[in-house]
Number of protein chains: 2
Amino acid sequence: MEKSAVRIKDIAAKANVSVGTVDRVLHNRGRVSEKVRQKVLRMMEELDYEPNLIARALGSNRTYQLAVVQPDHLIDPYWQAPWDGIGKAAKELKQYGVTVTMYPYELTEVASFVAQAEAATQSAPDGILIAPLFYRESLAFFARWQAESIPYVLFNTYIAELPALSYVGQDSYQSGFLAGKLVQFGQAEPGTYLIAHIAEDIANSLHVTQKERGFRDYFAQLPAPAPGAPGAPANVVSIALPDPTDPSFARQLNRLLDDETVQLRGIFVSTSKAYEIAPYLQAYHREDVRLVGYDLLEKNIHFLHENVIDFLINQNPHEQGYQGVFALADQLVFKKEVPPLKYLPLDIITKENLRYYVGE
Amino acid sequence: MEKSAVRIKDIAAKANVSVGTVDRVLHNRGRVSEKVRQKVLRMMEELDYEPNLIARALGSNRTYQLAVVQPDHLIDPYWQAPWDGIGKAAKELKQYGVTVTMYPYELTEVASFVAQAEAATQSAPDGILIAPLFYRESLAFFARWQAESIPYVLFNTYIAELPALSYVGQDSYQSGFLAGKLVQFGQAEPGTYLIAHIAEDIANSLHVTQKERGFRDYFAQLPAPAPGAPGAPANVVSIALPDPTDPSFARQLNRLLDDETVQLRGIFVSTSKAYEIAPYLQAYHREDVRLVGYDLLEKNIHFLHENVIDFLINQNPHEQGYQGVFALADQLVFKKEVPPLKYLPLDIITKENLRYYVGE
DNA sequence: AAAGCTTGCGTGTGCGCACACATTATTTTG
DNA sequence: CAAAATAATGTGTGCGCACACGCAAGCTTT
């Protein structure tokens, strides 16, 4: 393949300067005459120099503090997976002098979010990874970090207003689109398809509305039924349900399932809480209603095995955490280019392929 | 989190010996009295020493030669992806002194396989990654490598006879099982489901028969139709087709599609060549026949977009190559434990989530 | 014009480890 | 019992790089 890698020393020799000078142009530390600078750069080109990252990490005692702001994994089980992914990345990057500090906030408390984001900012980290569940409150922090030129990476929720270093997560729109396919595929008869939002502040949560748009667009683009064939086009309705402990949650669901005028074909739950809907379908013996949701939570998996949930879309939370941290490390430690958008795959999970996705 | 990492030097100090002695017990180079040895080991325990791999890679000039034996990527497009994955791994590991040499063989030529495996062996590598498509011929090589204690990793095709360091790839049985689900899901009416093997030497290719077993078992475990409900249980038939250039390929397919006594519901192609079947379905306008196959080849993707192929199962060839190389590196370079079985997920691909899987 | 700056370079040390080599203790041998 | 052999341990160098420092020459100051 290649000859033994070229070193700073080789460039120095070729350019008739010392290694110190090469180092200076390499890191733009100034104190080099333009003439020499150009010469060194030319030599680096010619020899196709690539710094030895191993040696670099060893030689520099530079350390990087990363702050992670995400919901507490002890409160909501979904957040265990990104937490683990972040931990894994932290372990691998420890040798490169990277330290990761967590700032967990309470999923539903704006104040907690603000407090932890503030704490993270105060710690003056070299980079920030954040799951910005609260749209409005996030923007102010983005602005501050931008002003202080602290690179920050978004995950789980995409906010495009201020340009972050990178976003790691799913394409919410396409994710809803896919959900449409999964809920409708193979069902020839016309009928109603439901998209259910559970305990979501829709107005302050962009990606949920994107999922709904995708879902609706899937049905909109379906070919019209053949002329003469039975059936009107599919009917899509959306419903915003409260927290499942709220009595109106059960009331609304029961009313829906009791209503014999709607031909319910499928339900798409826009969050990881499909397991809250599943018991109702089971109670009503509605095996004919397709149920699609998100994420491989234990309770979801249970209903997947019971054939109540038909498909789960895996949001790859583990990867989101892992790659989120690595995006920062790539930027800071390895000086690599970081793509501004890293869409994780929309894994389709059924009972049959589940086992290869859990516990990665 | 943790204090600054402990170094050899720290252990040496704590045990009242020199770093050289610690180094000797660390690498089992002998020349250390048992008493001191135990003491040093105890100190390492106490301080929870973990070697700094960065420094290790730098300090030792040790290099590792890896040999990869896989089908030529220029002949069959499927093999491009593992090739790329291997290349990516090679690039990342280069700094750790790992060099990867490819020994491509001709997919269908046993002699070529043997010749390249022989060449790889002759090069006396430190580790071998191999896609052992030819069952019988592989065994002899495994035995030799075992005798010479060269660690070898299998990918793509699992052979359990001799214990390799690791296998990276899919669970073929479950993969067939999943294919059954995909081909049947949502189809209430009874009928015939076909599993098609294209140009495969089934007798000498274990994983194809495993796929078929899984496929058949899926239908066997389906709940029997409700009493009084219409329909006999699904009928599964298998067919071994020759190379598509062979005139009998077209003849057999045409006969099958012309036969009006079979209610064909779906076809599962056990290899990546679903695109060879798709044109026939298209010509016969059999949109009702579900088609499921493997891998994101350009031609398959084409028919996925045309709605002729309904699902593709992604074998993750890129990951197979990447992780295969890393399994060897983990063993040799990083002295990590390597799991003997690394099942890659069975990704379900549709038109809607395709884009996030191509070009990873 | 002497004392400061600034610029443009070279030198030296250390990061944690591997490994060759030097040195000192302990046996073995003639 | 001294000499030789061997076992046990210590020392030193280099891997490629970052970074602090040193040093000379030209340039301002007052």
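Reminder, nothing fancy here: chain letters follow the sequence lines and each chain counts from 1. None of the values given here were measured: they were computed from a predicted structure.
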- Query: Is a side-chain N or O of B:Q170 found less than 3.5 angstrom from the main chain of B:N314, in a donor-acceptor match?
  - Reply: yes

Nearest-nucleotide check on DNA chain D, A:N61 vs B:V17; residue mapping nearer the 5' end is B:V17

On DNA chain D, more 5' by nearest nucleotide between B:V32 and A:L26 is B:V32

Whole angstrom is fine here: how far is it from [atom1] in [X] over to [atom2] in [N]?
X     : N      : atom1 : atom2 : value
B:K39 : D:dA8  : NZ    : P     : 16 Å
A:E34 : C:dC9  : CD    : C1'   : 15 Å
B:Y96 : C:dA18 : OH    : C1'   : 16 Å
B:L58 : C:dG14 : CG    : P     : 17 Å
A:E50 : D:dC17 : CD    : P     : 11 Å
B:L53 : D:dC15 : CG    : P     : 21 Å
B:R37 : D:dT9  : CZ    : P     : 12 Å
B:Q95 : D:dC15 : CD    : P     : 17 Å

Is the ring centre of B:F334 less than 6.0 Å from the ring centre of B:Y96? yes

Check whether the side chain of A:R31 and the base of C:dG10 form a donor-acceptor pair under 3.5 Å. no

What I want to check is whether an N or O donor and acceptor connect the side chain of A:R24 with the base of C:dG10 at under 3.5 Å.
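Indeed there is one.
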
Exercise for review: Would you classify A:I8 as touching base, sugar-phosphate or nothing, given that sugar-phosphate means primed atoms plus P, OP1 and OP2, and contacts are heavy atoms under 4.0 Å?
Suggested key: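 Sugar-phosphate contact only - A:I8 comes under 4.0 Å of backbone atoms but never of a base.
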
Counting side-chain heavy atoms from CB outward, which of [options] is closest to [X]?
X     : options                : value
A:A55 : D:dG16, D:dA18, D:dT11 : D:dG16
A:R29 : D:dT9, D:dC19, C:dC15  : D:dC19
A:D23 : D:dC19, C:dC9, C:dC15  : D:dC19
B:S60 : D:dA18, C:dA18, D:dC17 : C:dA18
B:R7  : C:dC17, D:dT11, C:dT11 : C:dC17
A:V19 : D:dT9, C:dT11, D:dC15  : C:dT11

Report yes if a side-chain nitrogen or oxygen of [X] is closer than 4.0 Å to either non-bridging phosphate oxygen (OP1 or OP2) of [N]; otherwise report no.
X     : N      : answer
B:H27 : C:dA18 : yes
B:Y49 : C:dC17 : yes
A:T21 : C:dG10 : yes

Practice task
Indicate whether the side chain of B:Y356 and that of A:N316 have a donor and an acceptor atom separated by less than 3.5 Å.
Solution key: no

So for atom CD, which belongs to A:E161, do other residues, nucleotides or ligands contribute more than 12 heavy atoms lying within a distance under 6.0 Å?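 Result for CD/A:E161: enclosed.
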
| Taking atom OG of A:S166 and atom CD of A:E337, what is their separation to the nearest 0.5 Å? |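 Taking OG in A:S166 and CD in A:E337, the distance rounds to 11.5 Å.
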
### Query
Salt-bridged, B:R144 to B:E118, with N to O below 4.0 Å?
yes

